[in-house]
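Below, each value reflects all heavy atoms present in this structure, side chains not excepted, and no hydrogens, waters or symmetry copies. Predicted model only: the values in this text are computed from it and were never measured.
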Amino acid sequence: MDIKQKLTQKFYTRDVHIVAKELLGKLFVRRIGREIISGIIVEVEAYDGSIDEASHSFRGKTKRNEVMFNEGGPLYVYFTYGMHFCANVVTGKEDESKAVLIRALQPVGGIDLMIKNRYNKKEITRKEFVNLTNGPAKLCKAFKIERAKNGTALTGNEIFILNSPKLNPSKIASATRIGIKKSVDLPWRYYIKDNLFVSKK
DNA sequence: CCACGGATTGGCT
DNA sequence: GCCAATCCGTGGA
């Protein structure tokens, strides 16, 4: 079957909510030179520029959000709070401006390098391990994703996502999104139930 | 465990 | 000038 295959553009050009839910359980992979870092996607949020006031693209295209207006496939990386980067998977057709924020990963491969990237040390506590990738800016730090990665094609070999069987819907929960002040009631956050690395129930 | 506030840049009103 | 799709340390229960 198509286990362990890289997701293709066709996967990303579909509806943002379908893509968001199907991304759960898939392996997010980052190659840095010869090293590989990877983690299972366990929490995401959908943003829809056409009807969603919380979306960066709700008020139209700007220099900052222009990647969101591409056809599904690239990574949209934004800078916020003066110090953090967060990563989104752009979905849908050209000019739709819909994207999926990656909120949390369960570390799988390259964990030593993740720890170095995030804490700049070797030994960490159990609490620090749980905090390695359980938030959108935390995982970007661990995976070395910053401004220069904005627009990176997920069909390339630097940042990509590997396919895996679709999760049973009973394992997926939906809830309101975190950290926004507009469109607060939309239940567009999706996460894997009972996973240790989900940022918030 | 929870609540609160400071950090710190840059986008856009 | 305002404030953000966040994180972390502090202080109290």
Side-chain angles (χ1 to χ4, degrees), chain A residues 12 15-17 19-21 23-24 28 39 41-70 72 74-92 96-107 114-121 123-152 154 159 173-192 194 196-201:
Chain A
Y12 298 111
D15 174 79
V16 65
H17 297 282
V19 174
K21 284 180 265 197
L23 280 173
L24 295 173
F28 187 82
I41 299 171
V42 299
E43 183 182 7
V44 298
E45 284 176 359
Y47 286 87
D48 179 346
S50 63
I51 54 170
D52 170 13
E53 286 198 83
S55 172
H56 289 168
S57 57
F58 183 68
R59 285 170 185 81
K61 193 191 284 191
T62 66
K63 188 93 177 173
R64 182 200 200 200
N65 65 28
E66 60 184 359
V67 168
M68 271 186 88
F69 287 80
N70 289 323
L75 197 69
Y76 164 52
V77 178
Y78 67 87
F79 179 71
T80 192
Y81 291 103
M83 63 191 90
H84 299 301
F85 293 98
C86 297
N88 296 247
V89 171
V90 175
T91 72
E96 283 187 351
S97 73
K98 306 186 187 193
V100 178
L101 173 69
I102 309 293
R103 279 200 62 88
L105 300 172
Q106 174 179 326
M114 272 182 226
I115 291 170
K116 182 170 185 292
N117 290 340
R118 178 141 156 67
Y119 298 114
N120 198 27
K121 62 181 182 183
E123 303 294 322
I124 59 169
T125 63
R126 174 172 176 80
K127 188 183 167 82
E128 284 172 321
F129 182 67
V130 174
N131 280 313
L132 195 51
T133 52
N134 67 346
K138 297 176 190 178
L139 69 91
C140 280
K141 184 122 194 261
F143 278 59
K144 234 179 194 168
I145 293 171
E146 15 46 39
R147 198 181 314 270
K149 297 294 171 269
N150 187 32
T152 301
L154 296 171
I159 303 171
S174 67
T176 54
R177 296 171 295 178
I178 294 176
I180 53 173
K181 297 222 166 90
K182 300 165 197 157
S183 304
V184 292
D185 292 328
L186 296 174
W188 287 1
R189 183 163 63 96
Y190 306 103
Y191 61 89
I192 299 180
D194 300 319
L196 176 63
F197 294 91
V198 168
S199 70
K200 187 171 178 261
K201 309 245 162 154

Q | Atom pair distance, as rounded to whole Å: CZ in A:Phe79 and C1' in B:dT8 | A | 7 Å
Donor-acceptor contacts under 3.5 Å from residues 128-139 of chain A side chains, at least two apart:
unit_1   : atom_1 : unit_2   : atom_2 : d
A:Glu128 : OE1    : A:Thr125 : N      : 2.9
A:Glu128 : OE1    : A:Thr125 : OG1    : 3.4
A:Glu128 : OE2    : A:Lys121 : NZ     : 3.0
A:Asn131 : OD1    : A:Asn134 : ND2    : 3.3
A:Asn131 : OD1    : A:Lys138 : NZ     : 3.2
A:Asn131 : ND2    : A:Lys127 : O      : 3.1
A:Thr133 : OG1    : A:Leu105 : O      : 2.7
A:Asn134 : OD1    : A:Lys138 : NZ     : 2.8
A:Asn134 : ND2    : A:Val130 : O      : 3.3

(Q) Return a single string for nucleotides 3-13 of chain C, one symbol per nucleotide in 5' to 3' order, where B is base contact, S is sugar-phosphate-only contact and - is none, cutoff 4.0 angstrom on heavy atoms. (A) -BBBSS-----
Exercise answer: donor-acceptor pairs, residues 178-187 of chain A side-chain atoms, under 3.5 Å, sequence neighbours excluded:
unit_1   : atom_1 : unit_2  : atom_2 : d
A:Ser183 : OG     : A:Glu53 : N      : 3.0

Q. What are the two closest non-hydrogen atoms of A:Thr80 and A:Cys86, and how far apart are they?
A. CG2-SG, 4.5 Å
(Q) Once salt bridge (charged side-chain N to carboxylate O under 4.0 Å, His left out) is applied, do any residues pair with A:Glu45, and if so which ones, sequence neighbours excluded? (A) A:Arg103
Q.
The criterion is salt bridge (charged side-chain N to carboxylate O under 4.0 Å, His left out); which residues satisfy it with A:Lys149, sequence neighbours excluded?
A. A:Glu158
Q: Find the distance A:Lys182:NZ to C:dC2:P and express it as a whole number of Å.
A: 16 Å
Q) Quick one: salt bridge (charged side-chain N to carboxylate O under 4.0 Å, His left out) partners of A:Arg177, sequence neighbours excluded? A) A:Asp52
Q: Name all residues meeting the ring pair (Phe, Tyr, Trp, His ring centres under 6.0 Å) criterion together with A:Phe143; count only those two or more places apart in sequence or in a different chain, and write none if there are none.
A: A:Phe28
**Q.** d(CZ, A:Phe58; P, B:dC12) in whole Å
**A.** 15 Å
**Q.** Separation of B:dG10 P from A:Asn150 CG (nearest whole Å)
**A.** 14 Å
(Q) Identify the stems formed by DNA chain B, where each pair is Watson-Crick or G-U wobble with both distances under 3.5 angstrom and a stem is at least 3 consecutive pairs. (A) B:1-7 with C:6-12, B:9-12 with C:1-4
Q: For A:Phe85, check ring pair (Phe, Tyr, Trp, His ring centres under 6.0 Å) against everything at least two apart and list the hits.
A: A:Phe79
